[in-house]
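Here is the structure we will look at, set down as C-alpha cells.
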Amino acid sequence: MFRYAVCASPGAALSEPVLYRGSLEKVFGFAAGLGFDGVEIHLRDASEVDGALLAALSERSGVRVAAVATGLARRVDGLTMIDPDAGARRRCVERLKGHIDLAAEFGCPVVVGSTRGSLPSGEEGRTAYRRLVESVRELAQHIGDRNCSITFEAINRYENNYLNTAAETAAFLDDVGDARVGMLLDTYHMNIEEPDLCMAFWRQREKVSHIHLSENTRRFPGSGAVDFRRFLQTLQTADYRGWLSLECLPLPDEETAAGKGLAYMKMIEEMVREAAL
Ligand code: LER
Ligand code: MN
C-alpha cells in the first residue's frame with residue numbers, strides 16, 4: 001500500500017499548490033476524515049508552527065507529519081542559497097536548518113527546491129552552483145545522525161532555470177555526494193520537463209525519496225492528462241516506499257480537490273495491484 005499525504009500550510013497564498021490553509025487543528029482533522037496517512041507542511045520559517053502542538057495533533061489524529069517543505073522561504077522572503085550577498089545566503093541556510101530541526105522531531109524528510117534560485121550565466125553561474133553544492137552539504141551535515149533527510153526537488157524551467165529534469169538533479173546529487181540527500185519528483189514538473197514520466201522515475205528510482213502528485217494543470221489527480229495508472233505501475237514495480245503527497249491547487253475548493261484526488265489515487269492503486277495478481 002502506498003502512503004498518501006496532503007500538502008498544507010498555515011499561511012500560504014491561494015496561488016500556492018497546497019490544499020489546506022489555516023489552523024493545524026483544521027488541517028489534521030480534514031486529513032484524518034478523508035483518509036490521508038500524512039500531512040506535508042509548507043513553511044516559510046519553522047517558527048510558524050509549535051512542534052509540541054504538531055506532535056499532539058499528529059498523535060491524536062493518527063496522521064503523520066510526512067514532510068516539511070521550505071520553498072516559501074524563497075517565494076515569500078526571497079531567500080536563496082546562491083544569493084551573491086553572503087549574508088543573505090547565510091540567512092537562507094540557517095532558515096533551512098530550522099526546517100530540518102523541526103522535521104527531525106518527526107523523523108520525516110525536508111523538501112528543498114525553490115531556494116536553489118536561478119543561476120546567472122558564465123563564471124558567476126559556476127560559482128553559484130558550487131555554492132549550492134556546499135550549502136546542501138552543510139545542510140546534510142546539520143542533520144547528523146538524526147532520523148531525517150533532504151529530498152531535493154527537480155523543478156520546471158519556468159520557476160528555476162537549472163536542475164529541471166530528474167537526470168540533471170541526479171548529477172547534482174552526485175556532486176553533493178551525501179546519502180542523506182535524495183530526490184523529489186513532482187508529476188507537474190515532470191510533465192513539463194520529461195519526455196516520459198515513468199522512464200524518468202525508473203532511471204532514478206534508487207535516488208527518489210519523495211513524490212508530489214498533481215495533474216498537468218496542477219489540479220487534483222484524476223482531473224487532467226497525467227497517466228497515473230502507468231505511473232503507479234512503475235512505482236509498484238520499483239517497490240517505491242516513500243510518500244505520495246498531493247501538492248495541488250485548491251480548485252474548485254480544497255475539500256473537493258483533496259477528497260477526489262485521494263479517492264482517484266486509491267482506485268488507480270487498486271486497479272494496478274489487482275492487475276499484478
Ligand atoms: C514545490 O514542491 C513545488 O513543486 C514548486 O513548484 C512550488 O511552486
Ligand atoms: Mn512539488
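Just so you know, ligand 1 is whichever comes first in the structure, and atom 1 is the first atom listed for that ligand.
Among the backbone and side-chain atoms of H212, an N, O or S atom lies under 2.8 Å from the Mn ion (ligand 2).
Within D186, the N, O or S atom lying nearest to the Mn ion (ligand 2) carries the name OD2.
A salt bridge is absent between E16 and R21: the closest approach of a Lys/Arg side-chain nitrogen to an acidic carboxylate oxygen does not fall below 4.0 angstrom. Between E269 and K266 no salt bridge is recorded (no basic side-chain N to carboxylate O distance below 4.0 Å). Salt-bridge formation is not detected for the pair E138/R89: no Lys NZ or Arg NE/NH1/NH2 atom is positioned less than 4.0 Å from an Asp or Glu carboxylate oxygen.
Considering backbone and side-chain atoms alike, H212 places an N or O below 3.5 Å from some N or O of ligand 1. For a threshold of 3.5 Å applied to N or O pairs, the pair formed by E153 and ligand 1 contains at least one separation below that value. Here's the thing with E16: none of its N/O atoms is less than 3.5 angstrom from an N/O atom of ligand 1.
Open room surrounds NZ on K260; 12 or fewer heavy atoms of other groups in view lie less than 6.0 Å from it.
The protein heavy-atom contact nearest to atom 5 (C) of ligand 1 is E159 OE1, 3.4 Å.
Rounded to 10 degrees, the OE1-metal-OE2 angle spanning E247 and E153 at the Mn ion (ligand 2) equals 170°.
Atom numbering of ligand 1 starts at 1 in the shown order; those under 4.0 Å from a heavy atom of H189 are 3 (C), 4 (O), 5 (C), 6 (O). Atoms of ligand 1 lying under 4.0 Å from any heavy atom of D186, numbered from 1 in the order shown and given with element: 4 (O).
The cluster map of Ile, Leu, Val, Met, Phe, Trp and Tyr, joined by side-chain heavy atoms under 4.5 Å apart, puts L24 and L246 in the same cluster.
Ring geometry for F172 versus F152: interplanar angle of 30 to 60°, hence tilted. Using a 30° and 60° split on the angle between ring planes, Y264 and F228 fall in the perpendicular class, above 60°.
Sorted by first and then second residue, the side chain to side chain donor-acceptor pair (under 3.5 Å) pairs involving residues 111-120 (not counting sequence neighbours) are R75-S114.
No heavy atom of H42 sits closer than 4.0 Å to any atom of ligand 1. Contact between R218 and ligand 1 is present, with at least one heavy atom of the residue lying under 4.0 Å from the ligand.
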